[in-house]
Amino acid sequence: MSLRTGGEILVANLLAQRATHAFGVPGESYLPVLDALHDVADRLRFVICRQEGGAAYMAEAFGKLTGRPGLVFVTRGPGASNAAVGIHTAAQDSTPLIAFVGQVGTDTVDRESFQEIDYRRMYGSVAKWAAQIDRAERIPEYVAHAYRIAMSGRPGPVVLALPEDMLTSRVETDDVPYVEAVAAAPPAAELRAAEERLRNATRPLVIVGGSRWDAGAREALRRFAESARLPVATAFRHQDLFDNRHPNYAGDVGIGINPQLASRIRDADVLLVIGERLGERTTSGYALLNVPVPRQALIHVHPGAEELGRVYQPTLAIAATPGAFLDSIDASAARAANAREPAARAYEDYEAWRAPRAVPGAVDLWRIVQWLDERLPADSILTNGAGNYAAWVHRAFRYGGQRRQLAPYSGSMGYGVPSALTAKILYPGRTVVSWNGDGCFLMNGQELATAVQYRAAIVFVVIDNGMFGTIRMHQEQQYPGRVSGTDLLNPDFAALARAYGAHGESVASTAEFAPAFERALASHGPSLLHVRIDPQALTMNATLDQLRAQGLDMQRRAGG
Ligand SMILES: Cc1ncc(C[n+]2csc(CCOP(=O)(O)OP(=O)(O)O)c2C)c(N)n1
Ligand SMILES: [Mg+2]
């Protein structure tokens, strides 16, 4: 064995975990790591980003796409602060991520040295684990533990601080072996009880969500749903867990849920929930199911035992990964032979909900998304952040049953640009469409430079309504006519894209979208379509004026 720096030991142990990519913005605080990466650039690619928020989101998207922790490297205080949005998203989205943060030397710690923060306290309540590696010989132990924690149970983010003197010190140590997530499998007695509940159900429904799904688990879900004849709904921003064209598909349980699906959930006698936490967005603000004891028999399957019964007390609490549960349940024993209606009835409701209605203005996003739905290859990836603009893809686009949707369960803006970069870097052969609002795009629009630098041929779409539309919607409903803090004066996004070196075009009508999209794809580089929409097209169900009228009406009735 020979002496190695902390930086070299860290990189060697990441390679031992078969890490292929790391995302980051450099800092002088972790130069030894950057130096060690220099020698292994062909195996562990460091993707240089423009802002740590973008880098952390990219790492988060890596975790979503691969199931292995996304790695992000950031410098001390300012870098660590910028990265917070991605770490929070990883926490709420149950995504494995490890953030490596530069830290002042142990010789000057606790003086509030330049850019010093105690990351254990800063990230204590957001990360699954926040720690500092004070001795280089313990790096392998910390890396193994970080991987295991990030991936196991309910996955989430880990923050590891790297004191500068630890990274430059030279020690002898072995590397740690490859670490896998801890398996969580259901006990046989609970499986039999679940089968019995489903077999005797008259109005059963399955809801799927969360992380720790792989291709095998998705396939097992399809087989189970078909054989047990169960309708399957997908949780908020998890629409790619089940083929949306499948006759057993019931739609998505998210913001602006199909009222028919909401009734179906309320009226269900047995709910089988797999992988989903049953968070606020999937329960219509905790209103869909009774707290703390739902009226429905709830079979809750989640890999993190601590999530079972957190809000909703289940009839059966099963600590298992989706794959382990679906591989072990006997679909024929669970077959809902007494179901009052065929599973396909729910699909008819979904189809009707998806069918386009009239939209104000020259650009009809409903038609555009339906065109994309038909046009895009079956393995294309669609990303988005947060905003009303996202509702169009969530409602009208059909995500197939493989990993195709990158969207924040955390409802965090600015996710659509960086997550698309990760998708295109990992899968250069797949079509990647990044769907953004005008507000959302500029939260991480700087990563367009990263897309150009890495020649990532993503089609960025910017839906420009000249406002933070979602907040304007709430304003009109609760404070009608009192517009405050939500107007935006936007740049010419197409010209901005061209300034970055990307292909950029404006789209002024529905008919212009398809040819512009084809030209964007044919440019074989990053491209941006600036789509100006009528501000009246604020939601899929109501115009801006209608929302204001509803708000005024509510005010009148409240006696205001
Ligand atoms: C990081 C972050 N900041 C603020 C918000 C609050 N927020 C939610 S949606 C939204 C407006 C989004 O605007 P835009 O991207 O233009 O989409 P639109 O609603 O206009 O379609 C805001 C400000 C948020 N969810 N995330
Ligand atoms: Mg907007």
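In listed order, ligands and their atoms are each counted from 1.
The closest approach between a heavy atom of Gly414 and any atom of ligand 1 is not below 4.0 Å.
Residue Cys440 has at least one heavy-atom neighbour below 4.0 Å for each of these atoms of ligand 1: 14 (P), 15 (O). In summary, the atoms of ligand 1 found under 4.0 Å from a heavy atom of Asn388, numbered by their order in the structure, are 18 (P), 19 (O), 21 (O). Every atom of ligand 1 with a heavy atom of Asn465 under 4.0 Å away is listed here by number and element: 18 (P), 20 (O), 21 (O). Atom numbering of ligand 1 starts at 1 in the shown order; those under 4.0 Å from a heavy atom of Gly439 are 14 (P), 15 (O), 16 (O). Atoms of ligand 1 found under 4.0 Å from any heavy atom of Gly411, numbered from 1 in the order shown, are 24 (C), 25 (N), 26 (N).
For the Mg ion (ligand 2), the count of nearby protein N, O or S atoms, meaning those under 2.8 Å away, is 3.
Results of the side-chain hydrogen bond (donor to acceptor under 3.5 Å, both in side chains) test with Arg398 over Asp243, Asp240, Asp373 single out Asp373 as the only residue that passes.
For the 3.5 Å distance criterion, the side chains of Arg154 and Ser94 qualify, holding a donor opposite an acceptor. If you check the side chains of His530 and Asp464, you find a donor sitting under 3.5 Å from an acceptor. Side-chain contact of Thr486 with Gln475: a donor-acceptor pair under 3.5 Å is present, judged by distance alone. Side chains of Gln103 and Tyr30: no donor on one and acceptor on the other come within 3.5 Å. Using modelled atom types and a 3.5 Å distance limit, the side chains of Gln51 and Gln446 yield no donor-acceptor pair. Arg277 and His302 share no side-chain donor-acceptor pair at under 3.5 Å.
The nearest protein atom to atom 8 (C) of ligand 1, hydrogens excluded, is given as Ile471 CD1, 3.9 Å; this is a heavy-atom distance. At the shortest separation from atom 4 (C) of ligand 1 among protein heavy atoms lies Met413 SD, 3.6 Å. Distance from atom 16 (O) of ligand 1 to its nearest protein heavy atom, with residue and atom name: Asp438 OD1, 2.5 Å. The nearest protein atom to atom 21 (O) of ligand 1, hydrogens excluded, is given as Tyr389 N, 2.9 Å; this is a heavy-atom distance. In terms of protein heavy-atom proximity, atom 20 (O) of ligand 1 is closest to Gly469 N, 2.7 Å.
Under 4.0 Å from ligand 1, not a single heavy atom of Arg472 appears.
Judged by the 6.0 Å and 45° rule, Arg482 forms no cation-pi pair with Tyr479. The cationic atom of Arg357 (NZ for Lys, CZ for Arg) does not lie both less than 6.0 Å from the six-membered ring centre of Trp366 and within 45° of the ring axis.
One distance of note links CD of Gln402 with CZ of Phe242; it measures 14.5 Å at 0.5 Å rounding.
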Practice item. Could you go through the side chain to side chain contact (heavy atoms under 4.5 Å, CB included) check for Val363 and Leu365 one step at a time? Key: CA-CA 6 Å; Val363 173; Leu365 285 183; 4.3 Å; yes

Practice item. Take Asp93 and Lys64 through the test salt bridge (charged side-chain N to carboxylate O under 4.0 Å, His left out) and record every step on the way to the result. Key: CA-CA 9 Å; Asp93 286 47; Lys64 273 201 174 83; 2.7 Å; yes

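Between Met467 and ligand 1, at least one N/O pair is under 3.5 Å apart.
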